[in-house]
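Below is one structure, written out as structure tokens, with a few remarks after it.
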Amino acid sequence: QLQLVESGGGLVQPGGSLRLSCAASGFTLDSYTIGWFRQAPGKEREGVSWIRTSGSDTKYADSVKGRFTISRDNRRNTVYLQMSSLKPEDTAVYYCAATRFGSDFQLLQPLLYHYWGQGTQVTVSS
């Protein structure tokens with residue numbers, strides 16, 4: 001069974017850091033573009049970042065650019081999202097997802113992704 005599992009969420013103070021992990025089981029991630037998304041209460045799911053199969057091409061939403069870094073380790077079948085300088089507005093459930101399709105301009109759109117994890121809660125609060 002194809003499955004993505006996120007981990008690493010939690011409660012952190014403003015200005016703090018967290019590293020999220022997205023691990024795959026039942027398939028290998030190295031042929032998939034992986035995206036990170038988040039959804040805050042009462043809001044739509046929004047794209048945060050994505051990374052191509054090789055790891056050399058990445059993109060970030062303007063709201064996280066310069067603070068978040070996406071990376072992947074295909075040997076470990078895992079993708080990471082390093083989050084720094086966290087703000088209260090970063091509070092959300094964070095999801096990873098996998099797709100084999102999409103242009104650079106489309107990949108922050110959730111509808112392009114076929115496989116999704118269950119999400120991990122990130123709360124930024126003092």
Side chain to side chain donor-acceptor pair (under 3.5 Å), that's the test. Do Glu89 and Thr91 meet it? Break it down for me. CA-CA 5 Å; Glu89 51 263 44; Thr91 296; over 6 Å; no
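- Looking only at distances, a side-chain donor or acceptor of Asn74 sits under 3.5 Å from a matching main-chain atom of Thr53.
- Counting only heavy atoms from C-beta outward, the side chains of Val122 and Leu20 approach each other to under 4.5 Å.
- Applying the side chain to side chain contact (heavy atoms under 4.5 Å, CB included) test to Arg67 and every residue at least two apart in sequence or in another chain returns Val64, Ser85, Lys87, Asp90.
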Could you walk me through whether Tyr32 and Thr99 pass the side-chain contact (heavy atoms from CB on, under 4.5 Å) test, one step at a time? CA-CA 5 Å; Tyr32 290 84; Thr99 184; 5.7 Å; no
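- For the atom pair Met83 CE and Trp36 CH2, the distance stands at 8.0 Å (nearest 0.5 Å).
- Taking the six-membered ring where tryptophan is involved, the planes of Phe68 and Tyr94 are tilted, since the angle between them lies from 30° to 60°.
- Thr28 pairs by the side chain to side chain contact (heavy atoms under 4.5 Å, CB included) definition with Asp30, Asn77, not counting sequence neighbours.
- One distance of note links CG of Leu11 with CG of Leu18; it measures 9.0 Å at 0.5 Å rounding.
- When the shell of 6.0 Å around NZ of Lys65 is examined, it contains more than 12 heavy atoms from other residues, nucleotides or ligands.
- Through chains of ILVMFWY side-chain contacts below 4.5 Å, Trp116 is grouped with Phe37, Trp50, Val93, Tyr95, Leu107, Leu108, Leu112, Tyr113.
- Under a 3.5 Å cut-off, the side chain of Arg72 and the backbone N or O of Arg52 do form a donor-acceptor pair.
- If you take CG on Leu29 and CD1 on Ile51, they are separated by 10.5 Å, rounding to the nearest 0.5 Å.
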Test log, rule side-chain contact (heavy atoms from CB on, under 4.5 Å), inputs Arg38 and Arg45: CA-CA 6 Å; Arg38 66 186 182 186; Arg45 191 168 297 189; over 6 Å; no
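- Within the model, atoms CG of Asp73 and OG of Ser71 stand 8.0 Å from one another, a figure rounded to the nearest 0.5 Å.
- Between Phe101 and His114, the closest side-chain pair of non-hydrogen atoms falls below 4.5 Å.
- Both the sub-6.0 Å distance and the 45° axial angle are satisfied by Arg19 relative to the ring of Tyr80.
- Nearest heavy-atom pair, Ala40 versus Ala92, reported as atom, atom and distance to 0.1 Å: N-CB, 3.8 Å.
- A donor-acceptor contact shorter than 3.5 Å links the side chain of Thr120 to the backbone of Gly9.
- Between Leu81 and Ser49, the shortest heavy-atom contact is CD1-CB, 4.3 Å.
- Of the possible polar contacts, none joining the Gln109 side chain to the Gln106 backbone as a donor-acceptor pair under 3.5 Å is found.
- Between Leu2 and Gly26, the closest heavy-atom pair is CD2-O, 3.1 Å.
- At least one donor-acceptor pair under 3.5 Å links the side chain of Glu6 to the backbone N or O of Cys96.
- No donor-acceptor contact under 3.5 angstrom links the side chains of Thr123 and Ser125, judged on distance only.
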Could you walk me through whether Ile70 and Val79 pass the side-chain contact (heavy atoms from CB on, under 4.5 Å) test, one step at a time? CA-CA 7 Å; Ile70 192 170; Val79 173; 4.0 Å; yes
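- A heavy-atom distance below 4.5 Å is found between the side chains of Arg100 and Ser31.
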